[in-house]
K.L.:
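The structure that follows is given in the form of structure tokens.
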There are 2 protein chains.
Amino acid sequence: MKVVPGGGTAMSGPVLRKLQGFGRLDDADAAALAMLEAGTRPVPAGADLICEGDRPEGMIAVIEGFACRYRLRENGARQIMAYLVPGDICDFDSSVLNRIDHAVGTLSNCRVARVAPEAGRDLRSRPALARSLRTAALVDEAILREWIMNLGRRSAVERLAHLFCELLVRLRAVGLTFGNSYDLPITQLDLADTTGMTSVHVNRSLGELKRAGLIERTGRRLTLCDLPRLMDMAEFRPNYLHRERPEAA
Amino acid sequence: MKVVPGGGTAMSGPVLRKLQGFGRLDDADAAALAMLEAGTRPVPAGADLICEGDRPEGMIAVIEGFACRYRLRENGARQIMAYLVPGDICDFDSSVLNRIDHAVGTLSNCRVARVAPEAGRDLRSRPALARSLRTAALVDEAILREWIMNLGRRSAVERLAHLFCELLVRLRAVGLTFGNSYDLPITQLDLADTTGMTSVHVNRSLGELKRAGLIERTGRRLTLCDLPRLMDMAEFRPNYLHRERPEAA
DNA sequence: CGGGCCCTTGATCCGGCTCAACATTCGTGG
DNA sequence: CCACGAATGTTGAGCCGGATCAAGGGCCCG
């Protein structure tokens with residue numbers, strides 16, 4: 001098993017790792033999750049995992065790569081409403097709603113695990129696990145609110161800066177960061193559809209952040225060179241992610 | 001007990017009424033909710049029900065008036081991230097998160113019911129009620145996503161049109177509509193902070209909608225004169241609200 | 001070695017912001 | 001019931017952030 005930078009083993013399970021950040025899990029909990037992550041399959045970039053109007057069934061866990069929730073307008077405009085990074089679970093709650101109201105697709109090549117409804121119920125029958133899953137869902141909701149703040153009241157550069165800070169914390173939680181940098185395997189068009197802008201303007205705003213010495217991008221690797229200033233300009237307050245030590249590497 | 005237009009009685013409980021829309025509730029469920037709505041107190045407009053950083057405890061149900069979730073930037077800019085209309089419950093889930101990451105305040109004069117954590121657990125111990133509450137929470141999340149769509153990919157007039165359509169459906173569910181009109185007891189500034197715009201531009205955009213014969217506003221009463229065209233221009237698809245008959249009066 | 005996709009850059013345009021003045025309504029106390 | 005002040009709504013002029021349109025360059029992959 002390959003050792004990855006953040007410590008822990010590569011396939012030791014981003015889901016387990018993430019959920020442990022929300023509360024102690026015992027070996028049986030871990031085993032239950034490992035089971036989940038066993039039946040994993042690769043999905044190429046740009047594929048849909050769920051289409052709008054589908055019936056919900058079970059959960060989908062992202063093990064590797066970036067996916068997103070999104071919706072399209074009739075004119076083709078896309079708005080991304082959430083990122084799903086390794087460890088994130090997208091829970092189409094069983095029997096409660098009977099039609100999905102948004103699509104879920106991959107942004108990069110991914111490995112995902114589909115969890116059947118019964119398996120999901122098994123996981124939730126373990127109290128500690130249920131509690132961590134619930135916390136994770138509440139954090140996802142907090143992220144939605146923060147994105148609303150981002151779109152409504154921040155400028156282009158601030159939106160990007162805020163997004164990059166958020167991703168640093170989220171990826172750190174699953175050991176996918178290298179100091180203040182991480183792989184961001186998405187295009188500028190994806191960033192545009194996330195931040196409600198144009199890819200042209202994303203490009204210019206990224207340039208601005210680079211020129212200010214706040215970020216660097218080489219290939220798909222993003223480095224936050226001056227995290228304090230970046231956080232400051234975006235008014236990034238990691239409290240909404242509800243992690244103990246968001247700044248710890 | 002005063003009879004209100006939508007049918008049902010005025011204080012028969014917007015919460016009950018809303019939750020019934022998500023699934024059948026028996027008399028005992030109704031009684032449990034009635035209990036909740038008994039201990040109600042008035043709150044003036046512009047007051048905070050919850051401040052950022054507070055410890056969560058229990059739930060708050062809005063019985064009358066409009067409240068909202070919001071956050072402020074350091075420069076004073078406000079972004080409203082959700083409306084709480086009569087029947088809506090804002091659930092600070094007990095023991096899961098230990099700090100609230102956003103504020104909740106009233107937009108108009110309100111009547112609210114605070115629900116102690118134990119009382120909340122009592123409600124959730126009733127399966128049908130628990131299920132409806134869970135559905136309501138999922139719908140709230142879907143609304144957050146739709147607002148992201150609104151802010152990211154719709155123009156000023158479209159945002160307003162979409163918001164007005166959404167409120168029509170939500171208020172209709174609790175019997176607070178009169179045909180295609182309803183009371184919207186909030187200011188243009190509030191609308192601006194909701195839609196990520198300026199109150200000046202809200203004013204002009206409202207004027208545009210009026211001139212196009214799509215809406216009318218007299219006092220706090222808003223009328224959607226040409227609902228089909230309004231829905232069309234905003235690409236409003238009520239499916240995300242997960243109600244059976246969103247268009248029924 | 002060719003064809004997409006993605007990134008980059010320039011020129012121009014426009015939706016929505018800013019600033020400012022004024023009108024109206026509302027709540028309040030006299 | 002009126003008078004007042006404050007909050008809200010309305011309107012104009014000018015500006016600016018980000019969109020649009022368009023062209024070219026790099027790079028990956030077949």
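Every chain is numbered from 1, with letters handed out A, B, ... down the list of sequences. Quick caveat, the model's predicted, so the values are computed rather than measured.
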K.L.:
Between B:Ile186 (CD1) and D:dG9 (C1'), how many Å, whole number?
P.N.:
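Interatomic distance, CD1 of B:Ile186 to C1' of D:dG9: 14 Å.
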K.L.:
Taking 4.0 angstrom as the limit, do A:Arg170 and A:Asp88 come out as a salt bridge?
P.N.:
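Here A:Arg170 pairs with A:Asp88 in a salt bridge, since their nearest N and O are under 4.0 Å apart.
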K.L.:
How about B:Tyr83 and B:Trp147: are their ring centres within less than 6.0 Å of each other?
P.N.:
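Centroid separation for B:Tyr83 and B:Trp147: below 6.0 Å.
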K.L.:
Before accepting this row, confirm whether a basic side-chain N of the pair A:Arg71/A:Glu52 lies closer than 4.0 Å to the acidic partner's carboxylate O.
P.N.:
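A salt bridge is present here (some side-chain N lies under 4.0 Å from a carboxylate O).
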K.L.:
Measure the distance from CG on B:Leu206 to C1' on D:dT10 and round it to the nearest whole Å.
P.N.:
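Value for this atom pair: 11 Å.
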K.L.:
Whole-Å distance between D:dA19 C1' and A:His201 NE2?
P.N.:
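That distance rounds to 9 Å.
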K.L.:
Within less than 4.0 Å of OP1 or OP2 of D:dC28, is there a side-chain N or O belonging to A:Arg220?
P.N.:
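So the side-chain polar atoms of A:Arg220 never come under 4.0 Å of the phosphate oxygens OP1 or OP2 of D:dC28.
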K.L.:
Between B:Glu141 and B:Arg145, is the closest basic N to carboxylate O distance under 4.0 Å?
P.N.:
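The answer is yes: the pair qualifies as a salt bridge.
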K.L.:
Donor-acceptor pair, distance only, cut-off 3.5 Å: does the side chain of A:Ser108 make one with the backbone of A:Ala45?
P.N.:
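Checking the backbone N and O of A:Ala45 against the side chain of A:Ser108, no donor-acceptor pair under 3.5 Å is found.
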K.L.:
Just how far, in rounded Å, is P of D:dT10 from CG of B:Leu189?
P.N.:
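One finds 13 Å between P of D:dT10 and CG of B:Leu189, rounded.
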K.L.:
Considering all heavy atoms of both residues, which atom of B:Arg69 and which atom of B:Ile89 are nearest to each other, and what is their separation?
P.N.:
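Minimum heavy-atom separation between B:Arg69 and B:Ile89: NH2-O, 4.5 Å.
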K.L.:
Touch check for A:Gly196, heavy atoms < 4.0 angstrom, all strands: base, sugar-phosphate only, or nothing?
P.N.:
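A:Gly196: backbone/sugar contact only, no base atoms under 4.0 Å.
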K.L.:
Can you check whether B:Arg217 reaches B:Thr223 side chain to side chain, under 4.5 Å on heavy atoms?
P.N.:
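Sidechains of B:Thr223 and B:Arg217: no contact.
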K.L.:
If you pin A:Ser199 and A:Arg153 to their nearest nucleotides in DNA chain C, which one's is more 5'?
P.N.:
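Its nearest nucleotide lies further toward 5', so the answer is A:Ser199.
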K.L.:
Can a donor-acceptor pair be found between the side chains of A:His102 and B:Glu146 at a distance below 3.5 Å?
P.N.:
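Absent: no donor and acceptor within the cut-off.
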K.L.:
Whether A:Asn203 contacts C:dC7 is assessed here as follows: a side-chain N or O lying under 4.0 Å from the phosphate OP1 or OP2. Is that the case?
P.N.:
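False: A:Asn203 side-chain N/O out of range (4.0 Å or more) of C:dC7 OP1/OP2.
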K.L.:
Any side-chain heavy atom of A:Arg220 sitting closer than 4.5 Å to one from A:Leu184?
P.N.:
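Heavy-atom side-chain distance check fails, nothing below 4.5 Å.
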K.L.:
Is there a donor-acceptor contact under 3.5 Å from the side chain of B:Tyr182 to the main chain of B:Phe164?
P.N.:
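Yes, the answer is positive, given that a donor and an acceptor are paired below the 3.5 Å cut-off.
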K.L.:
Give the rounded distance in Å between these two atoms: CZ of B:Arg217 and C1' of D:dG9.
P.N.:
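For the pair B:Arg217 CZ and D:dG9 C1', the rounded distance is 10 Å.
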K.L.:
What residues in residues 207-215 of chain B put a non-hydrogen atom under 4.0 Å from any atom of DNA chain D?
P.N.:
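When residues 207-215 of chain B is checked for heavy atoms under 4.0 Å from DNA chain D, there are no hits whatsoever.
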K.L.:
Students often get this wrong, so: under 4.0 angstrom with heavy atoms, is A:Gly219 touching a base, only sugar-phosphate, or nothing?
P.N.:
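Nothing, no nucleic acid heavy atom in range.
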K.L.:
Using a strict 4.0 Å threshold on nitrogen-to-oxygen distance, state whether B:Arg73 and A:Glu235 make a salt bridge.
P.N.:
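A salt bridge is present here (some side-chain N lies under 4.0 Å from a carboxylate O).
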K.L.:
If you check every side-chain atom of A:Gln188, which of D:dT8, C:dT8, D:dT11 has the closest atom?
P.N.:
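So the nucleotide nearest the side chain must be C:dT8.
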K.L.:
Quick one: which of D:dA22, C:dC6, D:dG9 gets closest to the side chain of A:Thr187?
P.N.:
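The answer is C:dC6.
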K.L.:
Between D:dA13, D:dT20, D:dG9, which nucleotide gets closest to the side-chain atoms of B:Arg204?
P.N.:
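Per side-chain heavy atoms of B:Arg204, the pick is D:dA13.
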K.L.:
Between B:Arg172 and B:Asn180, does any side-chain donor sit less than 3.5 Å from a side-chain acceptor?
P.N.:
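Checked: B:Arg172/B:Asn180 side chains pair up, N/O donor to acceptor below 3.5 Å.
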K.L.:
Under a 4.0 Å heavy-atom cut-off, which of residues 155-167 of chain A touch DNA chain D?
P.N.:
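Those residues whose heavy atoms fall under 4.0 Å from DNA chain D, taken from residues 155-167 of chain A in numerical order, are A:Ser155, A:Ala156.
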K.L.:
Base, sugar-phosphate, or nothing: which does A:Arg154 touch, judged by heavy atoms less than 4.0 Å apart?
P.N.:
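Touches nothing.
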K.L.:
When the axes are fitted on five pairs at both termini, how much does the helix from C:dC1-D:dG30 to C:dG30-D:dC1 curve, in 10° steps?
P.N.:
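Result, rounded to 10 degrees: 50°.
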K.L.:
Give the rounded distance in Å between these two atoms: CE of A:Met197 and P of C:dT8.
P.N.:
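To the nearest whole Å, that distance equals 13 Å.
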